[in-house]
Amino acid sequence: MARLELKQVRKTFGGASSADGVSLTVEPGEIVAVFGPSGGGKTVLLRMIAGMFEPDEGDILVGGRSIVGAAPERRGVGMAFQNFALFPHMSARDNIASGLRAKTAKEAATRIDAISRLLKIEHVLGHLPRELSNGQKQRTALARALIGNPEVLLLDDPLRNVDAKLRYEMRLELPNLLRRGAASVLYVTQDYREAMAIADRIAVLMDGHVEQIAAPEEIYSRPASVAVARLFGDPSINLAEVTPCNEHGALVAAVAGAKVRLGANGGTATDRPCWLGVRPEDLALSRTASEDAIPARILAITPMHEKSVLLLRLADGTEWFVALPPDAPHGAADDAVFVRFLPEAALLFDRATGLRVGLPHHRQAA
Amino acid sequence: MDHGSLAGRIFRGVALALILVFFMFPIVWILLMSFQTNEQILRIPPRILFEPTLANYEALISGQLRTAAGNLEISFMHNLWNSFVLSSLAVVLALVLGVPAAYAFARYKFKLGETIAFTLLSFRFAPPLLVLLPLSLYYQELGLNDTYVGIVWVYQLIALPLILWIVRGYFEDISPDIEHAYRLAGHSWREAFTHIAVPLAGPGIAAAALLSFIFCWNNFVFALILASADKQPVTVGALAFVTASGIQYGQIAAAIVLSVMPTLLLALYAQRYLVEGLSLGAVKG
C-alpha cells in the first residue's frame with residue numbers, strides 16, 4: 001500500500017486562502033483525522049487530493065508518485081461524501097458495483113456480498129437510494145468507497161448525517177473496518193470526539209494551515225496553542241489572563257485574588273502575559289479557603305449523568321466550568337466554593353502568539 | 001374550505017365546469033366543425049345538433065378538395081408527414097448539439113461562456129421575419145432553399161436555445177459530488193456524463209425535447225418562406241384551404257384536429273415524465 005504525502009499545498013479561491021501551505025503525511029494503514037472549525041479548509045483539502053480542484057502550489061504524492069494533474073479516476077483514491085452522493089437511479093448493489101472495474105461478474109458478486117455483509121446492508125442491496133434509511137445510505141456509500149481497495153481513502157464527515165445511535169456504533173466499528181484494507185485514511189470531521197475515537201493522529205486545520213498534528217491524547221493534554229485547546233473538550237477549557245512570576249523557585253500566578261502554583265514546564269513564561277488554561281475535569285471544589293484556592297460562586301449545575309457540569313463565577317468575574325463525577329458532593333447554586341487544581345494540570349499559552357509556552361515556535365511539530 | 005359540505009361540492013363542480021367550458025369551448029367547437037359541411041357551419045344561427053359527415057376527413061386523406069369551382073388537389077397528408085419529419089429531425093439534431101453544450105455551460109466556467117449562452121438565447125428574441133430575408137438569400141446561394149436540411153437547420157433557431165437553457169438548469173440541479181463519486185470509482189468523465197448526468201437529467205431532457213417539438217411543429221413563417229409545396233409542413237399547407245371559391249372551414253377544422261393530434265398524444269404520453277421532471281428538485285435527501 002502507499003503513503004499519502006501533502007507538501008506545502010496552497011490553494012486560494014478569489015483571494016481567500018483555503019490551504020496555506022498544508023503539509024502532512026499519512027502512513028499506509030494509518031487513520032489521520034482532519035479536524036477544525038468550519039471554513040478551516042478541510043473539505044477543500046480532500047477535494048484537492050480527490051482531483052476536483054488542483055492546488056495552486058505544492059505537491060500531493062501517493063506512494064511517492066505525484067498525482068497533481070492526474071484525472072480523478074487514475075489517482076487510486078476512494079472517497080465517501082458527507083451527502084453520500086449515491087447514484088439515485090441505481091440500486092444499492094449497482095452503486096457499490098460501480099467501484100469495481102474489469103472484474104468478472106462472479107468475482108464482483110463475491111466481493112459485493114462480502115463487503116455488504118460486513119456493513120450489514122446485504123438485505124437492502126436491491127433497493128434504490130431513496131428507499132434506504134440515512135444509516136443504510138451512509139453504509140452503501142462507505143461500501144462503494146471501500147470495495148475498490150483504494151490506496152488512499154478519503155472520508156468527508158461520513159457520520160454527519162446519521163442519527164446519534166448509529167454514529168456511536170460506527171465510531172466503534174469504523175477503525176477496524178478502515179484498517180482492513182491497509183489504506184492511508186484521511187478522515188474529516190467537525191466532532192472532536194469522533195476524531196479522538198477513530199484516528200491514530202489528528203491534524204488540526206485552522207485558517208488553511210495545520211496548527212498541530214499529533215496523537216489524540218497528546219493534542220488533548222498538550223495542545224500546541226490556545227485555539228487548539230479550545231476546540232477539544234466539552235465543556236471547553238477554562239482560561240484566565242495571568243502573568244506568572246517566579247516565587248522561591250516555583251512558578252505562581254494570581255487568579256482572582258488567589259495565588260495558584262503552576263507546573264514547572266512553563267519556565268520561560270516568567271513575567272510574560274499568558275493565558276492560563278485548566279481543563280474542567282482537573283478542577284476540584286472545596287468549602288475551605290486557603291491561599292492557593294480561587295474563591296468562586298456556583299451559578300448553575302447541569303447533571304449530565306456521567307458527570308456534573310458546574311458553571312462558576314470567580315471572584316474577578318471570570319466564568320469557569322467544572323466537571324465533577326456525578327456522585328461527588330457539589331452543593332447548590334449560589335454556594336460559595338473554592339477552586340483548586342494541581343500544578344501539572346495548568347497549561348500556559350503566550351498571550352501574544354497564542355502558542356503554548358515551552359513549545360518550539362514553528363507551528364507544526366512534524 | 002369545507003370539502004365535505006354539499007354546498008361546497010356543488011360550488012366546486014359549477015366553478016370547474018365554467019372554467020372547463022371557457023377553455024375547452026374553442027377546441028370542442030373546432031371538433032364539431034370538422035364534422036360539418038361548409039353550409040352547415042355558415043348557418044345562422046349555428047346549431048349544436050346536426051347530421052355529422054366525414055366528408056372533410058375524407059377529402060383531406062384522399063387529397064381531393066371538392067369546391068364549387070371544381071376539384072382541387074391538396075397534399076395535406078404529405079404536409080403532415082413533412083411536419084413530422086422536420087420537427088423530429090430538428091429536435092434530434094438540437095438534442096445532439098444542445099445536451100452536451102448544456103452540460104458544458106452547467107459544469108464548466110470558461111471564457112465568454114455566459115456570453116455564448118446568452119447569444120444563443122437571444123436568437124429567440126429576434127423577429128423571425130427580420131432574419132428571414134437575408135437568410136433566404138444565403139439559402140438560395142447555398143442551394144439550401146426548399147430542402148429538408150435547410151429547414152431543419154433553421155429550426156435550430158427555435159429548438160436549440162430552448163433545449164440548451166432548460167437542460168442546463170437540470171444539469172445544474174444535479175450535485176457535482178454524484179459525478180465526482182462516479183469518477184473516483186474509476187470512470188472517465190465521458191462515462192460520468194453518459195451514465196450519471198444524462199440519465200439524471202432525463203426528465204428535463206424529455207420535457208425540453210417535447211417543448212421544442214411543439215414549437216417546431218407550430219412554426220409557420222420559416223417554412224412559408226424557405227419551403228415550397230413539396231417540403232411544406234402542415235401549418236403552411238393549411239393555406240391551401242383558402243380557395244378561389246371561399247374558405248373551406250370544414251376542412252380547416254378537420255386539418256386542425258389532425259395536426260393537433262400527434263403533439264397532443266405525445267404530450268399525454270410524456271405527461272408522467274414531465275411531472276416527474278418538474279418535481280425532481282423537490283425531493284432532496
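Because only heavy atoms are used, hydrogens play no part in the values below, and waters and symmetry mates are left out as well, while side chains stay in. Order of the sequence lines fixes the chain letters, A, B, ..., with proteins taken first and strands second; residue numbering starts at 1 for each chain.
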(Q) If we define contacts as heavy-atom pairs under 4.5 Å, which of B:Pro199, B:Ser175, B:Ala181 has the most with chain A? (A) B:Ala181
Q. What distance do B:Tyr182 atom OH and A:Met90 atom CE have between them, rounded to the nearest 0.5 Å?
A. 4.5 Å
Q: Take atom CH2 of B:Trp165 as the centre, draw a 6.0 Å sphere, and report whether it contains more than 12 heavy atoms from other residues, nucleotides or ligands.
A: yes
(Q) So for atom CZ, which belongs to B:Phe23, do other residues, nucleotides or ligands contribute more than 12 heavy atoms lying within a distance under 6.0 Å? (A) no
Q.
Within this structure, what is the CG-CD1 distance for the pair A:Asn95 and B:Ile178, rounded to the nearest 0.5 Å?
A. 9.5 Å
**Q.** Heavy-atom pair of closest approach, residues B:His195 and A:His89
**A.** O-NE2, 2.8 Å
Q | Option that, when pairs with chain B are counted at under 4.5 Å, heavy atom only, ranks first among A:Leu86, A:Ile147, A:Asn83, A:Leu154 | A | A:Asn83
Q) Tell me, do B:Glu179 and A:Phe87 make a side-chain contact under 4.5 Å, heavy atoms counted? A) no
Q.
Looking at B:Tyr148, I'd like to know if its OH atom is crowded, meaning that more than 12 non-hydrogen atoms belonging to other residues, nucleotides or ligands lie closer than 6.0 Å.
A. yes
Q. Is the number of heavy atoms from other residues, nucleotides or ligands under 6.0 Å of B:Phe22 CZ greater than 12?
A. no
Q: Report the residues that fulfil salt bridge (charged side-chain N to carboxylate O under 4.0 Å, His left out) with A:Glu122, sequence neighbours left out, ordered by chain and then residue number.
A: none
Q. How about A:Arg47 and B:Asp177: do any of their side-chain heavy atoms sit closer than 4.5 Å?
A. yes
**Q.** Heavy-atom donor-acceptor pair, B:His187 side chain to A:Ser98 backbone, under 3.5 Å
**A.** yes
Q: Taking salt bridge (charged side-chain N to carboxylate O under 4.0 Å, His left out) as the test, write out the residues that go with A:Lys165, two or more places apart.
A: A:Glu169
Q | Minimal non-hydrogen separation, B:Arg183 against A:Ala71, with atom names | A | NH2-CB, 3.7 Å
Q: Determine whether more than 12 heavy atoms belonging to other residues, nucleotides or ligands lie under 6.0 Å from atom CZ of A:Phe53.
A: yes
Q. Heavy-atom distance under 4.5 Å to chain B: side chain of A:Arg144, backbone, both or neither?
A. side chain
Q. For B:Ala185 and A:Gly99, which heavy atoms make the closest approach, and how far apart are they?
A. CB-CA, 3.8 Å
Q. What is the distance from atom CG of B:Leu184 to atom CD of A:Glu73, rounded to the nearest 0.5 Å?
A. 8.5 Å
**Q.** CZ/A:Arg179: more than 12 non-hydrogen atoms of other groups inside 6.0 Å
**A.** yes
